[in-house]
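Computation of the quantities below employed the complete heavy-atom set of this structure, encompassing side-chain atoms and omitting hydrogens, waters and symmetry-equivalent molecules.
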Amino acid sequence: MNILTPWAKASCSPPGERRWACLTRQALGDGMLDAAMLARYEGLVRHPKLQSEAWYKAQLEKIHAALDEIERQADILEALPLEIGTLTLGCALGYLDFRFPELDWRRDHPQAERWFAKFDHQPAMAATRPHV
């Protein structure tokens with residue numbers, strides 16, 4: 001982030017106290033993506049004899065905890081401009097749609113679903129959506 005232009009710095013990471021909330025959202029999204037990728041690799045890459053169901057489930061618990069927090073923050077997210085925290089959360093939810101459709105995260109997180117539906121309509125999201 002430090003190499004971005006002044007405009008990008010201001011847009012992606014706001015100054016002052018808002019910066020810490022923004023970076024906290026980014027960390028939440030990063031953590032959810034980390035857990036999702038680890039769970040995916042466990043079933044896809046790791047040798048079946050070495051796979052751990054308990055470890056896989058622990059990663060899914062982290063994903064669900066992050067989804068619960070996004071649900072709690074959904075009203076706040078709707079009021080925010082595009083910034084690195086909202087970008088990270090939106091990308092994480094998009095990744096769940098792509099790689100974990102069986103989680104059906106929208107079922108138990110209607111407020112997060114509402115926010116993501118708006119976020120997902122941005123041109124950058126449409127342009128980078130995986131084609132399956």
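- With sequence neighbours left out, Arg72 forms a side-chain hydrogen bond (donor to acceptor under 3.5 Å, both in side chains) with Glu69.
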Donor-acceptor list for residues 84-95 side chains, cut-off 3.5 Å, not counting sequence neighbours:
residue, atom, partner, partner atom, Å
Thr86, OG1, Glu83, N, 3.0
Thr86, OG1, Glu83, O, 3.0
Thr88, OG1, Ile84, O, 2.7

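- At distances below 3.5 Å, not a single donor-acceptor pair connects side-chain atoms of Gln59 with backbone N or O atoms of Ala36.
- Atom CZ of Arg25 is separated from atom CD1 of Ile76 by 7.5 Å, given to the nearest 0.5 angstrom.
- In this structure, CD on Gln122 lies 10.0 Å from OG1 on Thr128, to the nearest 0.5 angstrom.
- With sequence neighbours left out, the side-chain contact (heavy atoms from CB on, under 4.5 Å) criterion links Glu53 to Tyr56, Lys57.
- Looking at residues two or more places apart in sequence or on another chain, you find a side-chain contact (heavy atoms from CB on, under 4.5 Å) between Asp75 and Gln111, Arg114.
- Closest heavy-atom contact between Pro110 and Arg107: CD-O, 4.5 Å.
- With contacts defined as side-chain heavy-atom distances shorter than 4.5 Å, the pair Leu82/Phe119 qualifies.
- Taken to the nearest 0.5 Å, the CE atom of Met125 stands 15.5 Å off from the NZ atom of Lys118.
- Hydrophobic cluster membership for Leu38: Trp55 (Ile, Leu, Val, Met, Phe, Trp, Tyr linked by side-chain heavy atoms under 4.5 Å, directly or transitively).
- Under the rule for a side-chain hydrogen bond (donor to acceptor under 3.5 Å, both in side chains), the partners of Asp97 that lie at least two apart in sequence or sit in another chain are Trp105, Arg106.
- Contact record, His64 with Leu103: NE2-CD2, 4.0 Å, taken as the closest heavy-atom pair.
- Rounding to the nearest 0.5 angstrom, the gap separating the CD atom in Gln26 from the CH2 atom in Trp20 is 11.5 Å.
- Atoms CE and CG, on Met32 and Leu96 in that order, are 5.0 Å from each other to the nearest 0.5 Å.
- Under a hydrophobic clustering in which Ile, Leu, Val, Met, Phe, Trp and Tyr are joined whenever their side-chain heavy atoms come within less than 4.5 Å, directly or via other members, Leu33 and Leu44 fall into the same cluster.
- Taking each heavy atom of Ala112 and Ala74 in turn, the nearest pair found is N-CB, 3.9 Å.
- Enclosure of atom CD in Glu17 is not indicated, since only 12 or fewer non-hydrogen atoms of other residues, nucleotides or ligands lie within 6.0 angstrom.
- Between Phe98 and Arg129 the shortest side-chain heavy-atom distance does not fall below 4.5 Å.
- Distance alone, capped at 3.5 Å, places no donor-acceptor pair between the Arg46 side chain and the Ser52 backbone.
- A salt bridge does not link Lys62 to Asp34: none of the charged side-chain nitrogens sits closer than 4.0 Å to a carboxylate oxygen.
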